[in-house]
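Have a look at the structure below, then the notes.
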Amino acid sequence: MYKYCGKKVNEMKKSMTWVFITVIAALYIAFITCDIFYMEQSKILKFISVCILALGSTFSGKEKENKPVTLIFLFTVVADIFFVLLNKPIYGIMVYIVIQLVHTVRLAIISKKEIKTEILKRVIPAVCLFCIGVFIGPVVALALPYAVCIGINIVHAIENNVKYPSRVNLSYAVAMLVLAVGDIGVGLRNIQTGFMTPEMKHVAYIVTWVTYIPSLVLVLTTTKALNFKEQR
């Protein structure tokens, strides 16, 4: 009886996972289509997608390495309020730096490294670059520290998968790399040169969102939030 009930519950969880993915996929296709045709409705669809993913992150699991994930998604919602809804990129970048530091904590837990040491490895060079960036402009002053944090986190995530090969570590490394591709799109869209035409900036904007949501979904697959198979 208990075995039968457990099987039913597991099947229900898998069904809910597929429903969750289907909803996200539908929103993803919808807002990318809106972006292609310059439709303003894409903003609210994007924000709804991020909020749904944040809701899904609350089912990440109670394991120590999964506890930071909900915080990552909570800050992601806050960052996208600034980026997507309010068009205040400076505040958005500040929140994204915090997100990368939370990723740092999670990566340190996964690799069993000292959290304080790993944070210092990001913060010290980030502060140095910030001091240089202030002479260029506020966006650059924040973008450089963010680049340092995500760059080191990518290396750390790849290192984790090399030392401790698993589906979780591979998905995490790929998620960070995909997120970085989207960040390059953000940089190209905001670069102040004559090289980038309005059309090229629009393509860069689309690339950002084409990669952004998949990177968040990949992060969720490293937890128990998406119940396809056992995580490790």
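Everything numeric here is computed off the predicted structure, so don't read it as measured data. All values below were derived from every heavy atom in this structure, side-chain atoms included, with hydrogens, water molecules and symmetry-related copies excluded.
No more than 12 heavy atoms of other residues, nucleotides or ligands sit less than 6.0 Å from atom NZ of Lys43. The 12-atom threshold is exceeded at CZ of Phe20, counting heavy atoms of other residues, nucleotides or ligands nearer than 6.0 Å.
For Arg167 and Thr222, the side-chain atoms include no donor-acceptor pair closer than 3.5 Å. With 3.5 Å as the limit, one finds no donor-acceptor pair spanning the side chains of Asn161 and Ser166.
A distance of 9.0 Å separates CG of Leu107 from CD of Gln100, quoted to the nearest 0.5 Å.
Every residue meeting the ring pair (Phe, Tyr, Trp, His ring centres under 6.0 Å) condition with Tyr172, not counting sequence neighbours, appears here in chain and number order: His103. With sequence neighbours left out, the salt bridge (Lys or Arg N to Asp or Glu O under 4.0 Å) criterion links Lys88 to no other residue. Residues that satisfy the ring pair (Phe, Tyr, Trp, His ring centres under 6.0 Å) test with Phe31, not counting sequence neighbours, are Tyr28, Trp209.
The same ILVMFWY cluster, assembled from side-chain heavy atoms under 4.5 Å apart, contains both Val77 and Val23. A continuous path of ILVMFWY side-chain contacts below 4.5 Å connects Ile93 to Ile90, so both sit in one hydrophobic cluster.
In this structure the side chain of Val186 never reaches within 4.5 angstrom of the side chain of Tyr205, judged on heavy atoms. Residues Phe47 and Ile81 have side chains in contact (heavy-atom distance under 4.5 Å, counting atoms from C-beta outward). You'll find the side chain of Ile109 reaches within 4.5 Å of the side chain of Pro68, heavy atoms only. Using a 4.5 Å heavy-atom threshold, the side chains of His156 and Ser111 count as touching. Residues Tyr91 and Leu86 have side chains not in contact (no heavy-atom distance under 4.5 Å, counting atoms from C-beta outward). Looking at heavy atoms from C-beta onward, Leu218 lies in side-chain contact with Thr221 at the 4.5 angstrom threshold. The side-chain heavy atoms of Val50 and Ile213, taken from C-beta on, include a pair separated by under 4.5 Å. A heavy-atom distance below 4.5 Å is not found between the side chains of Val127 and Pro145.
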- Task: Take Lys121 and Glu114 through the salt bridge (charged side-chain N to carboxylate O under 4.0 Å, His left out) test and state the conclusion after the steps.
- Result: CA-CA 11 Å; Lys121 286 180 181 178; Glu114 179 64 38; over 6 Å; no

- Query: So Arg122 and Leu101, side chain to side chain contact (heavy atoms under 4.5 Å, CB included) or not? Walk me through it.
  - Reply: CA-CA 8 Å; Arg122 278 78 165 169; Leu101 292 177; 4.2 Å; yes

- Query: Would Leu45 and Cys34 count as a side chain to side chain contact (heavy atoms under 4.5 Å, CB included) if you check the C-alpha gap in whole Å, the side-chain angles of each, and the deciding distance to 0.1 Å?
  - Reply: CA-CA 9 Å; Leu45 293 174; Cys34 288; 4.1 Å; yes

- Task: Let me see the working for Val217 and Ile21 under side chain to side chain contact (heavy atoms under 4.5 Å, CB included), right down to the final yes or no.
- Result: CA-CA 9 Å; Val217 172; Ile21 290 297; 4.2 Å; yes

- Item | Criterion side-chain hydrogen bond (donor to acceptor under 3.5 Å, both in side chains) on Asn66 and Thr223, from CA distance to verdict | CA-CA 6 Å; Asn66 289 332; Thr223 71; 5.4 Å; no

- Take Val123 and Phe130 through the side chain to side chain contact (heavy atoms under 4.5 Å, CB included) test and state the conclusion after the steps. CA-CA 10 Å; Val123 170; Phe130 173 80; over 6 Å; no

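In this structure, Gly133 and Ala141 approach most closely via the heavy-atom pair C-CB, 3.6 Å.
Ring to ring, Tyr96 and Phe83 are close: their centroids are under 6.0 angstrom apart.
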May I have the list of side-chain donor-acceptor pairs in residues 175-185 shorter than 3.5 Å, sequence neighbours left out?
{"from": "Asp183", "atom 1": "OD2", "to": "Tyr146", "atom 2": "OH", "distance (Å)": "2.6"}

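Here Arg106 does not pair with Glu118 in a salt bridge; the nearest charged N to carboxylate O distance is not below 4.0 Å.
Tyr38 belongs to no multi-residue hydrophobic cluster, having no ILVMFWY side-chain contact under 4.5 Å with any other such residue. Other members of the cluster containing Ile152 are Leu129, Ile132, Ile136, Val140, Leu144, Val148, with ILVMFWY side chains joined at under 4.5 Å, either directly or via other members.
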